[in-house]
**Student:** 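Please find one structure pasted underneath; my questions will follow.
Computed from a predicted model, the values in this text were never measured in an experiment. Note: hydrogens, waters and symmetry copies are ignored here, and every other heavy atom, side chains too, is used. Position 1 is the first residue of the sequence, and the numbers go up from there.
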Amino acid sequence: MTSAQSNSKGILFILMGMALFSIQDALIKYIYEDAALYELYFGRTLVALILLVGYLKFSKQKISLKTHYPFLTILMILPFNLFLESGSQIHLMLGHLF
């Protein structure tokens with residue numbers, strides 16, 4: 001594959017990824033009024049897991065859930081979960097302001 005073909009393919013993948021993120025954002029904004037934040041997070045994670053496992057099975061790659069950096073993994077997960085918890089409580093904080 002030539003460099004020009006690789007660039008075109010890369011641009012196409014970037015555009016497809018941006019389109020999928022836009023669709024996901026629109027769906028979350030539409031569903032958010034009726035569902036809890038943790039339900040949305042779980043659903044999004046479940047869909048991502050299904051897509052990832054499907055891709056790995058299709059490409060015949062090894063599926064490994066072992067991390068080589070457990071401390072860094074914990075450091076990444078904890079702040080994200082705290083962010084999600086604060087997001088679920090934001091309506092309570094904003095309710096006192098308005």
Side-chain angles (χ1 to χ4, degrees):
M1 185 175 287
T2 66
S3 178
Q5 289 174 333
S6 294
N7 287 343
S8 298
K9 192 175 182 181
I11 291 171
L12 180 65
F13 283 142
I14 289 172
L15 291 174
M16 287 187 334
M18 290 173 56
L20 287 174
F21 276 117
S22 297
I23 291 168
Q24 176 187 351
D25 185 49
L27 287 173
I28 285 177
K29 287 180 181 176
Y30 177 73
I31 296 171
Y32 183 70
E33 294 177 5
D34 298 328
L37 186 62
Y38 283 112
E39 291 173 355
L40 293 174
Y41 177 65
F42 177 75
R44 187 181 72 176
T45 305
L46 186 63
V47 169
L49 178 67
I50 291 169
L51 291 173
L52 179 63
V53 169
Y55 170 75
L56 291 174
K57 290 287 187 184
F58 178 74
S59 64
K60 296 183 170 101
Q61 293 185 21
K62 180 183 170 188
I63 299 174
S64 175
L65 299 177
K66 182 180 177 184
T67 180
H68 295 287
Y69 305 101
F71 182 70
L72 290 177
T73 303
I74 291 170
L75 284 178
M76 289 187 300
I77 291 172
L78 285 177
F80 186 70
N81 285 335
L82 291 174
F83 170 75
L84 285 177
E85 180 61 31
S86 66
S88 66
Q89 303 298 324
I90 194 75
H91 68 280
L92 297 175
M93 292 184 284
L94 292 177
H96 295 292
L97 296 175
F98 299 105

**Student:** Taking atom CE of M16 as the centre, report whether more than 12 heavy atoms of other residues, nucleotides or ligands fall under 6.0 Å from it.
**Tutor:** yes
**Student:** Can you tell me which residue among L56, L49, L51, I50 is in a side-chain contact (heavy atoms from CB on, under 4.5 Å) with V53?
**Tutor:** L49
**Student:** Can you list everything that forms a side chain to side chain contact (heavy atoms under 4.5 Å, CB included) with I23? Sequence neighbours excluded, please.
**Tutor:**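 I23: side chain to side chain contact (heavy atoms under 4.5 Å, CB included) contacts with L27.
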**Student:** Side-chain heavy atoms nearer than 4.5 Å, only ILVMFWY residues, links allowed to pass through others: does that put F13 and L15 together?
**Tutor:**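 No, F13 does not connect to L15 through the hydrophobic network.
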**Student:** Measure the spacing between CG of D25 and CG of L20 and express it to the nearest 0.5 Å.
**Tutor:** 12.5 Å
**Student:** Taking C-beta and beyond as the side chain, do F21 and M18 meet within less than 4.5 Å on heavy atoms?
**Tutor:**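 They are not in contact (no side-chain heavy atoms under 4.5 Å apart), so the answer is no.
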**Student:** State which residue, out of T73, T67, L75, I74, fulfils the side-chain contact (heavy atoms from CB on, under 4.5 Å) condition with F71.
**Tutor:** L75
**Student:** Once salt bridge (Lys or Arg N to Asp or Glu O under 4.0 Å) is applied, what residue pairs with a partner in residues 47-61 remain, sequence neighbours excluded?
**Tutor:** none
